[in-house]
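Within every chain, numbering begins at 1; the chains are lettered A, B, ... in the order of the sequence lines, protein sequences first and strands thereafter. The structure presented is a predicted model; accordingly, all values stated were derived computationally and were not measured.
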Protein chains: 2
Amino acid sequence: MPGARKRTAALDQVLELVVLLGEDMGRALERDGLTKSRAPLVWELQQHGPRTQKALSDALGTTPRNVTGLVDGLVATGFVTRGPHPSDRRATLVSLTDHGAEVMARMAEAYDDFATQLFGGMTARELDGFVAGLGSVLDVLRQHLGDSGE
Amino acid sequence: MPGARKRTAALDQVLELVVLLGEDMGRALERDGLTKSRAPLVWELQQHGPRTQKALSDALGTTPRNVTGLVDGLVATGFVTRGPHPSDRRATLVSLTDHGAEVMARMAEAYDDFATQLFGGMTARELDGFVAGLGSVLDVLRQHLGDSGE
DNA sequence: TATTGTTATACTCTATAACTATA
DNA sequence: TATAGTTATAGAGTATAACAATA
């Protein structure tokens, strides 16, 4: 079965992509004063507006205790603020500051530029083929994750 | 420029791949008693045989102090042992235990199986196209990382 | 009773700096 | 002097458990 070596070589490449992308994103976030753990929280706020910490903990798939720490850090660095919930006095609403919103807007632009850099050299046909392959890999991966655990 | 949206959608997919693959690998490692940080160290030992901590710190791109901690954890969980260096009494040689070697051998098999699961559904032609696309993305990414920093 | 977010505690990973034993 | 690996210290991120305030 001569395809077997090709497949492991492909997986090697995918893993290299994961590593390099992690480095690149890490650097970009650091430049903006964010970390890999805090960025998803801020992203969630940009996408859905002010959220309670409970909602954030559900969205990020982490514990409420952890969200407390992440929000603490983001408050200290000026990305978000804590405010009262209008109808539930137990809850706190986490909102983006102006600075946080600015950084996220810049990041969204950089994201588009980055996508163009990565894929701009491909023809439309090549890009379609690549995306289709990626889609089928993702399907298998989702199924694989569903099989074990959850 | 109608391709722009396709490109960001492709980057979205790549990032989802990164997340899902991270989850999957994390689970697999946990099943074997390893962590994401310790696995590369054990992998390095399997590839190149016993190494000094200095060599490991260079290979992993981390500090000597950090390697001390990682090796401590791997000794405690039975994956590696510390031994004297034959010619340099300052250095310690880190080696795989039988258990560590067994786990790594099993992991290498699982890696091949996983690659077959991920890419087995593609035709040879589709796989070639996907790998070529991945290669060009990696090239751009490497250049992007070289530009800023280092 | 149940939920929200906190404090208390602990563990992993990472880093810098000072130090010991060797080279 | 320089190198290998340690202790000391610090900070981020993650988790569980107990608890206070509120629902």
Side-chain angles (χ1 to χ4, degrees), chain A residues 19 22-23 25-27 29-45 50-95 149, chain B residues 19 22-23 25-27 29-45 50-95 149:
Chain A
V19 171
E23 275 183 54
M25 304 288 271
R27 280 193 201 172
L29 292 173
E30 200 178 340
R31 266 195 298 272
D32 282 324
L34 282 171
T35 68
K36 281 185 199 170
S37 300
R38 292 172 189 172
L41 195 157
V42 184
W43 181 249
E44 176 72 16
L45 291 179
R51 313 287 278 166
T52 64
Q53 294 190 188
K54 164 67 171 152
L56 290 170
S57 126
D58 289 341
L60 303 182
T62 187
T63 59
R65 175 63 185 94
N66 196 15
V67 170
T68 298
L70 296 174
V71 172
D72 285 350
L74 287 165
V75 167
T77 50
F79 281 86
V80 308
T81 54
R82 282 189 173 97
H85 189 283
S87 64
D88 187 340
R89 287 200 297 175
R90 293 171 306 178
T92 66
L93 269 185
V94 184
S95 313
Chain B
V19 171
E23 274 184 54
M25 304 289 270
R27 279 193 203 171
L29 292 174
E30 198 177 340
R31 266 195 299 271
D32 282 323
L34 283 170
T35 69
K36 280 184 197 169
S37 299
R38 292 171 189 174
L41 195 158
V42 184
W43 181 250
E44 176 72 16
L45 292 179
R51 314 287 277 166
T52 65
Q53 294 189 189
K54 165 66 171 152
L56 289 170
S57 125
D58 289 341
L60 303 181
T62 187
T63 60
R65 174 61 185 92
N66 197 15
V67 170
T68 299
L70 295 175
V71 172
D72 285 350
L74 287 166
V75 167
T77 50
F79 280 85
V80 308
T81 54
R82 282 189 173 98
H85 190 284
S87 64
D88 186 340
R89 286 200 297 175
R90 294 170 306 176
T92 65
L93 269 186
V94 183
S95 313

Using a cut-off of strictly less than 4.0 Å, decide whether [X] has a side-chain nitrogen or oxygen near OP1 or OP2 of [N].
X     : N      : answer
A/T63 : D/dT14 : no
A/T35 : D/dG13 : yes
B/R65 : D/dA8  : no
B/R51 : D/dG5  : no
B/T52 : D/dA4  : no

Which residue lies toward the 5' end of DNA chain D, A/R89 or A/L70, if each is placed at its nearest nucleotide?
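In this pair, the answer is A/L70.
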Nearest nucleotide by nearest heavy atom, which residue falls closer to the 5' end of DNA chain D, A/N66 or B/P64?
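Looking at the nearest nucleotide for each, B/P64 comes out on the 5' side.
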Can you spot which of A/V75, A/L74, A/T68 makes a side-chain contact (heavy atoms from CB on, under 4.5 Å) with A/D72?
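Between A/D72 and the candidates, side-chain contact (heavy atoms from CB on, under 4.5 Å) is satisfied uniquely by A/T68.
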Grab the [atom1]-[atom2] distance between [X] and [N] for me, whole Å please.
X     : N      : atom1 : atom2 : result
B/L29 : C/dT12 : CG    : P     : 16 Å
B/K36 : D/dG13 : NZ    : P     : 15 Å
A/L60 : D/dA12 : CG    : P     : 18 Å
A/L74 : D/dG11 : CG    : C1'   : 15 Å
B/Q53 : D/dT7  : CD    : C1'   : 14 Å
A/E23 : C/dT14 : CD    : P     : 13 Å
B/H85 : D/dT6  : NE2   : P     : 15 Å
A/K54 : D/dA23 : NZ    : C1'   : 15 Å

Proximity to the side chain of B/R38 - top-ranked nucleotide from C/dG5, C/dT12, D/dT22
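So the side chain of B/R38 is nearest to C/dT12.
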Which is true for [X] with a 4.0 Å heavy-atom rule: it touches a base, it touches only sugar-phosphate, or it touches nothing?
X     : answer
B/T62 : sugar-phosphate
A/T92 : sugar-phosphate
B/T68 : base

Using a 4.5 Å cut-off on heavy atoms from C-beta on, say whether the side chain of A/L93 contacts that of A/P86.
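Side-chain contact under 4.5 Å: yes.
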A/S57 side-chain N/O to A/T62 backbone N/O, donor-acceptor pair under 3.5 Å:
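Yes.
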Run the side chain to side chain contact (heavy atoms under 4.5 Å, CB included) test on B/L34 and B/T77 for me, step by step, so that the C-alpha distance in whole Å, both residues' side-chain angles and the decisive distance to 0.1 Å come before the verdict.
CA-CA 9 Å; B/L34 283 170; B/T77 50; over 6 Å; no
To the nearest 0.5 angstrom, please state how far the CE atom of B/M25 sits from the CD atom of B/E30.
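So the CE of B/M25 and the CD of B/E30 are separated by 14.0 Å.
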